Protein chains: 2
Amino acid sequence: MAVRNRLTGERTHVPSAVGRRSRVASGPHDRHHEIIDAALELFATIGYSGTTMAQIGDRLGMRGPSLYKHIASKQELLVEIVTGMMDELLRRQRAALAEGGDVRQRLSSIVAVHVQYHAEHRYEAFVGHREIDSLEEPHRSHILDLRREYESRFRELVQEGRGLDLFRTSSDRWSSYAILDMGIGVSAWYNPSGSVTPDELAATYAELALRMLGAERGD
Amino acid sequence: MAVRNRLTGERTHVPSAVGRRSRVASGPHDRHHEIIDAALELFATIGYSGTTMAQIGDRLGMRGPSLYKHIASKQELLVEIVTGMMDELLRRQRAALAEGGDVRQRLSSIVAVHVQYHAEHRYEAFVGHREIDSLEEPHRSHILDLRREYESRFRELVQEGRGLDLFRTSSDRWSSYAILDMGIGVSAWYNPSGSVTPDELAATYAELALRMLGAERGD
DNA sequence: GGGTGAGGCTAATACCCATTAGCCAATCGG
DNA sequence: CCGATTGGCTAATGGGTATTAGCCTCACCC
């Protein structure tokens, strides 16, 4: 019954019904980005190892193996997502610090940036934190290094503020962890169709953080 | 070449070298609990779907299939871990609230209990939060219900405090989320061989939470 | 002192999944 | 217009994994 090598009535493939654009103005049809986006949503909702290539393909109307015409591996998708997330977080943090101001203002800025990113890009952030262990070396170590760098900025600022007697808190270690974790938590529950915008939330959390540190009123 | 039914030189099994105890005083040798403990550590470090039955068996010096003499399925292990965690959290929270006191004291208590549990039982807590999506229905829904109940207590207390003008905070919703998330974060980084004990950390975080809420000094 | 049950073992079952191979149609640059 | 490239497809590959089946041995009880 095997119809091996028979070319007659085989069901064959009809490529994308919508016309393909040339690589000029390919922006909206960049398959690579589309795949990353689809993977991101799936990784966030059912986890990296819970997501199959076939599911990612489904989102784009294609089969799992076809993805390999555009990407190298499933792992590559995760690496791109996570490094993209850390790079962007660090970039924004650096920009915030570059604006200067006194310790309270700078701390408030990096908290705001932290929270805003975790709301705006909740999927990237969620995956970036949850799936670090799914990264193969050396990516895992690299990301952990970046994260340590990112986190140390919070601690440094808290220390600085304490040194200037602008913050009253028993431990800069625990309070900076608390601030970080409350921001990370946002990525787990933030709902973009809810009533609060990322920047409103960022402002609220910055205020909470300053109060938590017992910041002296700076006016 | 198949040696089917040949009984000659087959390698066979030598059961546990250490003498087995009778079921009297079996406490320290309860296989079921040993399995749960081994699974817990593995689930926490490499994730539920990343853990194989063979790995769990390894920890106890046995093969994967042998586990089924003591448990029903891998899923059962996760269910027991996660429901055990939520039950204990709720139990402790109820006990804390039962002690009464003014809003500040009660809020402080449930924060302390929350943090203490997340430090003392960081693996349970970590798995309990991270692997909820690995639970099959109806367990998943049940756990989510319990979690909603647990979380609502925080929000209710913040609201109550605001109503009495004891807390100054713009939103009881966001501030209770922040408090919850900073406690949950503890389970991701707490190191039991570090210098801070769970109850010290609990006290510190309770203080941070009250300050975050702008609690009026209650002395 | 033999039967029984508990608790190991290995082998087999019945999946699922990432990735590769190899085929083909349509598009596009010349 | 043609021939190479692009980007789909299906089928095959190679591996992993939870769970079940069936076997065996020891410890214990009578």
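Bear in mind that the values here come from a model prediction, so they are computed numbers and not experimental data.
Atom CE in A:Met62 sits about 15 Å away from atom P in D:dT6, given to the nearest Å. Taking atom CD of A:Gln55 as the reference point, atom P of C:dA18 lies 8 Å away to the nearest angstrom. C:dT20 atom P lies 13 Å from atom CG of A:Leu67, rounded to whole Å. C:dT10 atom C1' lies 16 Å from atom OH of B:Tyr68, rounded to whole Å. Between the NZ atom of B:Lys69 and the P atom of D:dC26 there is a distance of 16 Å, given to the nearest Å. Rounded to whole angstrom, the span from the CG atom of A:Asp58 across to the C1' atom of D:dG8 amounts to 15 Å. What separates CD1 of A:Ile35 from P of C:dA18 is a distance of 14 Å, to the nearest Å. Whole-Å rounding puts the B:Glu34 CD to C:dG7 C1' distance at 13 Å.
Residue B:Thr52 is classed as a sugar-phosphate contact, given heavy-atom separations below 4.0 Å to backbone atoms only.
Taking each heavy atom of A:Val158 and A:Leu213 in turn, the nearest pair found is CG1-CD2, 4.0 Å. Nearest approach of B:Arg140 to B:Ile132, heavy atoms of both residues: CG-O, 3.4 Å. The shortest non-hydrogen separation linking B:Ser49 to B:Lys74 is CA-NZ, 4.0 Å. Across all their heavy atoms, B:Met212 and B:Ile179 have their closest contact at CE-CG1, 3.4 Å.
The number of heavy atoms from other shown groups lying within 6.0 Å of NE2 (A:His142) does not exceed 12.
Within a heavy-atom distance below 4.0 Å of DNA chain D, the residues of residues 73-82 of chain B found are B:Ser73, B:Lys74. Contacts with DNA chain D (heavy atom under 4.0 Å) in residues 39-50 of chain B: none are found.
Proximity of a side-chain donor or acceptor of A:Gln75 to a complementary backbone N or O of A:Glu136 within less than 3.5 Å is detected. Counting only distance, with no hydrogens or angles, the side chain of B:Thr169 and the backbone of B:Asp172 share no donor-acceptor pair below 3.5 Å.
Checked against the 6.0 Å centroid criterion, the rings of A:His114 and A:Tyr150 qualify as a close aromatic pair.
No side-chain heavy atom of A:Tyr205 sits under 4.5 Å from any side-chain heavy atom of A:Gln116. Using a 4.5 Å cut-off on side-chain heavy atoms (C-beta onward), A:Arg31 and A:Ile71 make no contact. Put simply, the side chain of A:Leu89 reaches to within 4.5 Å of the side chain of A:His118, judged on heavy atoms.
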Do any side-chain atoms of residues 53-61 of chain B form donor-acceptor pairs under 3.5 angstrom with protein atoms, and if so which ones, sequence neighbours left out?
residue : atom : partner : partner atom : Å
B:Gln55 : OE1  : B:Thr52 : N            : 2.9
B:Gln55 : OE1  : B:Thr52 : OG1          : 3.4
B:Arg59 : NH1  : B:Glu41 : OE2          : 3.1

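A side-chain hydrogen bond (donor to acceptor under 3.5 Å, both in side chains) with A:Arg106 holds for exactly one of A:Glu156, A:Glu99, A:Glu160; it is A:Glu160.
Proximity of B:Ser66 to the phosphate of C:dG7: no side-chain N or O atom is located under 4.0 Å from OP1 or OP2. The phosphate of D:dT10 (OP1 or OP2) has a side-chain N or O of A:Arg63 nearer than 4.0 angstrom. Phosphate contact (OP1/OP2 of C:dG8, side-chain N/O of B:His70, threshold under 4.0 Å): present. Dashed line: the shortest gap from a side-chain N or O of A:Arg31 to OP1 or OP2 of D:dT6 is not under 4.0 Å.
Axis angle across the helix from C:dG1-D:dC30 to C:dG30-D:dC1, with five pairs used at each end and values rounded to 10°: 10°.
In this structure, the side-chain hydrogen bond (donor to acceptor under 3.5 Å, both in side chains) partners of A:Asp199, at least two apart in sequence or on a different chain, are A:Thr197.
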Pick out the pairs of N or O atoms, protein on one side and nucleotides 13-15 of chain D on the other, that lie under 3.5 Å.
none

